[in-house]
Amino acid sequence: MSSPNQPVPFTADDYRARMTRAAESAAAAGLAGLLVAPGPDMVHLTGYRPTAITERLTVLVLTAGQDPVLVVPTLEAPDAEKTVGAPALTLRDWTDGKDPYAVTAPLLDGRGRFGISDNTWAMHLLGLQQLLPGTSYASLTEVLPMLRAVKDAHELDRLAAAGAAADATYEEILKVRFSGRKETDVAADLARLLTEAGHSQVDFTVVGSGPNGANPHHEAGDRTIERGDMVVLDFGGLKHGYGSDTSRTVHVGEPTAEEQRVHDIVREAQEAGCKAVRPGVACQEIDRAARAVITEFGYGERFIHRTGHGIGVTTHEPPYMIEGEEQPLVPGMCFSVEPGVYLPGRFGVRIEDIVTVTEDGGRRLNATARELAIVE
């Protein structure tokens with residue numbers, strides 16, 4: 001068992017299993033293999049995170065039935081050799097002055113179609129194409145969108161710990177003064193509290209007060225929060241390498257009847273979205289369940305974004321809870337359920353939890369109260 005402060009470490013066998021699954025998934029999708037550049041996919045598959053991402057080629061080559069190969073610059077090979085997943089890899093290094101594409105090309109089927117991570121530098125893709133003109137490439141988001149979607153038990157533990165830290169942050173932010181302070185002041189409080197709760201990285205601290213709350217991704221600014229403001233709080237980042245993301249809406253002083261009503265509608269919609277989660281249900285059904293409530297009460301045109309997004313080693317990743325996404329939910333998937341209503345020039349409301357799919361339903365990884373909190 002793991003604890004929030006000491007998660008169970010990933011092992012070389014964990015990374016070996018992930019790379020094997022990824023290679024087999026690529027083959028099932030008709031691909032000759034996968035090319036993975038430094039970034040979230042590489043961290044997930046190998047545990048390797050280069051200290052600096054430069055113009056020097058680093059790429060993981062995965063092909064079903066063959067050992068994974070990590071091509072790295074010679075000066076970075078010692079760090080790569082130390083990573084937890086290294087025993088599950090073959091390392092091929094190249095020195096400055098040599099052609100890294102000539103090292104990589106023999107690992108690839110010269111007529112194959114490969115999935116390639118979205119953040120691969122164009123110069124590297126073009127370098128490979130020049131040596132292997134018969135190859136073709138497609139982004140992993142297009143051909144293997146569910147590559148990181150299903151989490152194992154140890155990943156779920158880390159996501160739960162990140163969610164608990166975000167919950168602790170919300171409980172503490174309710175104790176600070178809002179009225180008379182700038183949005184940036186409250187955003188700084190959120191960042192500090194997330195860090196104190198164990199986050200190594202803070203990705204966002206949205207503080208949308210009054211009319212600014214009608215912009216879902218409002219950057220905290222110099223607006224002074226006033227009594228009578230509705231305030232949307234949306235914050236998260238990484239703890240133990242896995243994401244948190246939660247939203248609550250608070251009110252400075254007593255709300256009007258309309259403000260309370262809109263908040264109640266969003267809370268009911270969020271509850272409907274969470275209750276719709278179960279294995280086999282298409283992602284779009286979560287969006288439909290939440291959106292139906294908001295539409296029923298006449299605010300359908302004011303719900304202007306998807307209901308949710310996946311979360312893992314990044315705070316936004318597939319799957320997406322949106323109309324047209326027919327991917328069925330699978331136990332171990334984790335994603336946000338975050339409906340909202342946005343009234344331009346007036347205020348906004350959003351309520352968000354991270355939910356994981358279980359064998360017979362869904363489980364929220366956020367547990368703070370969803371009622372409209374009154375702050376000073």
Could you go through the salt bridge (Lys or Arg N to Asp or Glu O under 4.0 Å) check for Arg21 and Asp152 one step at a time? CA-CA 13 Å; Arg21 284 196 301 270; Asp152 62 31; 5.4 Å; no
Let me see the working for Val71 and Thr58 under side-chain contact (heavy atoms from CB on, under 4.5 Å), right down to the final yes or no. CA-CA 5 Å; Val71 177; Thr58 297; over 6 Å; no
Steps toward salt bridge (Lys or Arg N to Asp or Glu O under 4.0 Å) verdict (Arg346, Glu258): CA-CA 11 Å; Arg346 301 182 63 207; Glu258 181 191 18; 2.4 Å; yes
Residues Glu76, Arg56; criterion salt bridge (Lys or Arg N to Asp or Glu O under 4.0 Å); working and verdict: CA-CA 10 Å; Glu76 294 176 9; Arg56 293 184 174 94; 5.3 Å; no
Start with the C-alpha distance between Glu172 and Arg192, add both sets of side-chain angles, then the distance that settles salt bridge (Lys or Arg N to Asp or Glu O under 4.0 Å), and finish with yes or no. CA-CA 11 Å; Glu172 290 300 314; Arg192 172 180 56 81; over 6 Å; no
Stepwise, does the side chain to side chain donor-acceptor pair (under 3.5 Å) test hold for Arg148 with Thr314? CA-CA 10 Å; Arg148 306 196 311 260; Thr314 58; 3.3 Å; yes
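The cationic atom of Arg18 (NZ for Lys, CZ for Arg) lies less than 6.0 Å from the six-membered ring centre of Phe10 and within 45° of the ring axis.
In the hydrophobic clustering of this structure, Met321 groups with Val281; members are Ile, Leu, Val, Met, Phe, Trp, Tyr whose side-chain heavy atoms approach within less than 4.5 Å, directly or through other members. Tracing side-chain contacts under 4.5 Å through hydrophobic residues (I, L, V, M, F, W, Y), one never reaches Ile354 starting from Leu190; they form parts of separate clusters. Residues Met123 and Leu108 are members of one and the same hydrophobic cluster, defined by side-chain heavy-atom contacts under 4.5 angstrom among Ile, Leu, Val, Met, Phe, Trp and Tyr. Residue Leu34 is not grouped with residue Tyr101 when hydrophobic side chains (ILVMFWY) are merged at heavy-atom distances under 4.5 angstrom, including chains of intermediate members. No path of Ile, Leu, Val, Met, Phe, Trp and Tyr side chains, each step under 4.5 Å between heavy atoms, connects Val59 with Met19, placing them in separate hydrophobic clusters.
Annotation: side chain of Leu128 is not in contact with side chain of Thr135 (no heavy-atom distance under 4.5 Å). Looking only at side-chain heavy atoms (C-beta outward), Asp234 and His218 stay at 4.5 Å or farther from each other. Taking 4.5 Å as the limit, some side-chain heavy atom of Arg370 sits within range of a side-chain heavy atom of Gln270. Within the 4.5 Å cutoff, no side-chain heavy atoms of Pro68 are placed close to those of Thr90. Residues Ile351 and Ser247 are not in side-chain contact: their nearest non-hydrogen atoms beyond the backbone lie 4.5 Å or more apart. Side chains of His199 and Ser244 form a contact here, defined as non-hydrogen atoms less than 4.5 Å apart. Two residues are said to be in side-chain contact when any heavy atoms from C-beta on lie closer than 4.5 Å; Tyr170 and Val250 meet this criterion. Val293 has its side chain out of reach of Tyr299: every pair of non-hydrogen atoms, C-beta onward, lies at least 4.5 Å apart.
Interatomic distance, His316 NE2 to His309 NE2, rounded to the nearest 0.5 Å: 3.0 Å. The CG atom of Leu125 sits 11.0 Å away from the OG atom of Ser139 when rounded to the nearest 0.5 Å. To the nearest 0.5 Å, atom CG of residue Asp14 and atom CD of residue Glu155 are 8.5 Å apart. Rounded to the nearest 0.5 angstrom, Arg350 CZ and Thr246 OG1 are separated by 10.0 Å. Between atom OG1 of residue Thr104 and atom CG of residue Asp99 there is a gap of 8.5 Å, rounded to the nearest 0.5 Å. Here the OH atom belonging to Tyr242 is positioned 13.5 Å from the OG1 atom belonging to Thr315, to the nearest 0.5 angstrom.
When atom types are taken as modelled, the side chain of Glu326 and the backbone of Gln284 share no donor-acceptor pair closer than 3.5 angstrom. Using modelled atom types, no side-chain atom of Thr46 and backbone atom of Gly85 make a donor-acceptor pair closer than 3.5 Å. Looking at Arg302, its side chain does come within 3.5 Å of a backbone N or O of Tyr342 through a donor-acceptor pair. Between the side chain of Thr120 and the backbone N or O of Ser117, at least one donor-acceptor pair lies under 3.5 Å. In this structure a side-chain-to-backbone donor-acceptor pair under 3.5 Å is present from Thr83 to Gly47. Under a 3.5 Å cut-off, the side chain of Ser336 and the backbone N or O of Glu338 do not form any donor-acceptor pair. Side-chain atoms of Ser179 do not come within 3.5 Å of backbone N or O of Glu376 as any donor-acceptor pair. Remark: side-chain polar atoms of Asp118 are paired, donor with acceptor, to backbone N or O of Leu140 under 3.5 angstrom. Listed for the Thr169 side chain is a donor-acceptor partner under 3.5 Å among the backbone atoms of Ala165. In this structure a side-chain-to-backbone donor-acceptor pair under 3.5 Å is missing from Thr63 to Gln66.
Between the side chains of Ser209 and Glu183, a donor-acceptor pair is found at a separation under 3.5 Å. Side chains of Thr256 and Arg261: a donor-acceptor N/O pair is absent below 3.5 angstrom, by distance only. A donor atom on one side chain and an acceptor atom on the other are not found under 3.5 Å apart for His263 and Thr249.
In plain terms, the two heavy atoms of Leu365 and Ala160 that are nearest each other are CD1-N, 4.1 Å. Here the shortest heavy-atom pairing between Trp94 and Leu57 reads NE1-O, 3.0 Å.
Around the CZ atom of Arg364, the shell of radius 6.0 Å holds more than 12 heavy atoms that belong to other residues, nucleotides or ligands. When the shell of 6.0 Å around CZ of Arg288 is examined, it contains more than 12 heavy atoms from other residues, nucleotides or ligands. The number of heavy atoms from other shown groups lying within 6.0 Å of CD (Glu196) is above 12.
In this pair, Trp121 and His124 present their aromatic rings parallel. The plane angle is below 30°, not in the 30 to 60° band.
For Arg49, there are no salt bridge (Lys or Arg N to Asp or Glu O under 4.0 Å) partners at least two apart in sequence or on another chain. Applying the salt bridge (Lys or Arg N to Asp or Glu O under 4.0 Å) rule to Arg248 yields the partners Asp353; only residues at least two apart in sequence or on another chain are considered. Judged as a side-chain contact (heavy atoms from CB on, under 4.5 Å), and not counting sequence neighbours, the contacts of His251 are Met230, Pro255, Glu259, Leu372, Ile374. Residues satisfying the side-chain contact (heavy atoms from CB on, under 4.5 Å) test with Ala29, not counting sequence neighbours, are Leu31, Leu144. Residues passing the side-chain contact (heavy atoms from CB on, under 4.5 Å) test with Glu24 are Thr20, sequence neighbours excluded. Every residue meeting the side-chain hydrogen bond (donor to acceptor under 3.5 Å, both in side chains) condition with Asp13, not counting sequence neighbours, appears here in chain and number order: Arg16.
In this structure, Asp157 does not pair ionically with Lys151, as no charged nitrogen and carboxylate oxygen lie closer than 4.0 Å. Ion pair Arg306/Asp287 not flagged as a salt bridge, since none of the NZ, NE, NH1 or NH2 atoms sits closer than 4.0 Å to an Asp/Glu carboxylate oxygen.
Partner of Phe335 under the side chain to side chain contact (heavy atoms under 4.5 Å, CB included) criterion, chosen from Ile311, Asp245, Leu329: Leu329.
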